Amino acid sequence: MDSECAASRLRVVLGHLRRPSATAVAAHLTSGAISPASFHPQQFQYTQDNNVLSLEQRRFYEENGFLVIRNLVSDADIERFRNEFERICRKEVKPLGLQLMRDVTIAKSEYSPNEKAVTKVQDFQEDKELFRYCTLPQILKYVQCFTGPNIMAMHTMLINKPPDTGKKTSRHPLHQDLHYFPFRPSNNIVCAWTAMEHIDRNNGCLVVLPGTHKGTLKPHDYPQWEGGVNIMFHGIQDYDENNARVHLVMEKGDTVFFHPLLIHGSGQNKTQGFRKVCIITPLHFPKMNG
Ligand SMILES: O=C(O)CCC(=O)C(=O)O
């Protein structure tokens with residue numbers, strides 16, 4: 001990608017991200033902004049025809065591979081997810097099949113039954129309280145814009161990015177989520193990532209390479225990082241260094257939906273707090289004949 005093209009893409013992306021709130025987006029949605037005359041569904045490859053997204057939002061996702069919806073999940077819901085996560089850390093509940101992950105720099109001797117020892121819980125489908133995230137009507141409403149109806153939640157995570165110990169292990173290397181999924185087609189999969197607090201470059205926000213969802217799945221491997229790498233934190237070795245990068249600054253409840261081929265990662269957490277997000281990867285499940 002040449003620098004002129006990258007700069008122009010960046011201007012569009014930053015314009016989208018500067019939208020102040022979901023209210024603005026919702027107002028746009030309900031104001032009849034989709035003009036049937038200019039609406040050509042056959043142009044769209046990555047979004048569905050369901051009249052939830054505005055034409056502008058659809059075009060943005062088609063071009064860039066992600067879409068931020070502001071203020072989508074309520075503070076009350078986020079508080080409930082946070083409380084349940086803390087109960088899991090204290091071992092007050094042990095949902096079946098749940099996997100707990102720890103940062104590579106936290107020594108076994110330092111494990112303590114609180115949030116400090118757990119950097120990620122994965123596969124929370126048997127935890128009713130956390131799984132509510134995957135059933136929130138407002139999340140599903142947007143998920144369907146990318147997957148179509150008949151949704152299955154294939155992968156669930158709550159990430160608790162710890163303060164970096166100085167070894168930069170809290171970074172998440174640039175990767176494509178499709179690398180981790182044995183299901184296809186990729187265009188019927190979307191990832192929903194909801195900020196559980198204010199997230200910016202200080203505490204390790206998501207960084208995305210707009211437009212990379214139009215590429216193919218690339219080989220992934222553990223990056224050669226001096227300080228160590230967390231288990232399964234695979235990264236892409238060869239991506240276009242000139243591709244624009246966008247750091248997604250998000251407020252509590254904001255949600256970004258992104259394509260599983262979009263190259264993304266997250267930076268170090270340079271604060272003393274634990275940066276939390278809820279993530280699901282829903283997959284469209286087509287009806288079989290007969
Ligand atoms: O939230 C993060 O730090 C990055 C998460 C991520 O990219 C992933 O789990 O695929």
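Ligands are counted one by one from 1 in listed order, and the atoms in each one are counted from 1 as well. What you see is a predicted model, and the numbers here were worked out from it, not measured in a lab. We count residues from 1, following the sequence as given.
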Inset, instruction - State whether the number of non-hydrogen atoms from other residues, nucleotides or ligands found under 6.0 Å of Glu92 atom CD is greater than 12. - result: yes

With a cut-off of 4.0 Å, which atoms of ligand 1 are near a heavy atom of [X]?
{"X": "His264", "value": "6 (C), 7 (O), 10 (O)"}
{"X": "Trp193", "value": "1 (O), 2 (C)"}
{"X": "Asp177", "value": "10 (O)"}

For [atom], grab the closest protein heavy atom and report residue, atom and distance to one decimal in Å.
{"atom": "atom 5 (C) of ligand 1", "value": "Ile159 CD1, 3.6 Å"}
{"atom": "atom 8 (C) of ligand 1", "value": "His175 NE2, 3.6 Å"}
{"atom": "atom 3 (O) of ligand 1", "value": "Ser266 OG, 2.7 Å"}
{"atom": "atom 9 (O) of ligand 1", "value": "Met157 CE, 3.2 Å"}
{"atom": "atom 1 (O) of ligand 1", "value": "Arg275 NH2, 2.8 Å"}

Inset, instruction - Look at Glu84 together with Arg87 and state whether they make a salt bridge at an N to O cut-off of under 4.0 Å. - result: yes

Legend entry - Test: Asp200 and Arg275 ion pair at under 4.0 Å: no

Legend entry - Candidate list His179, His175, His220, test ring pair (Phe, Tyr, Trp, His ring centres under 6.0 Å), partner His234, passing option: His179

Inset, instruction - Would you mind telling me which of Tyr61, Phe258, Tyr46 makes a ring pair (Phe, Tyr, Trp, His ring centres under 6.0 Å) with Phe146? - result: Tyr61

Inset, instruction - Find out whether Glu62 and Gln45 are in side-chain contact, i.e. whether some heavy atom of one side chain is under 4.5 Å from a heavy atom of the other. - result: yes

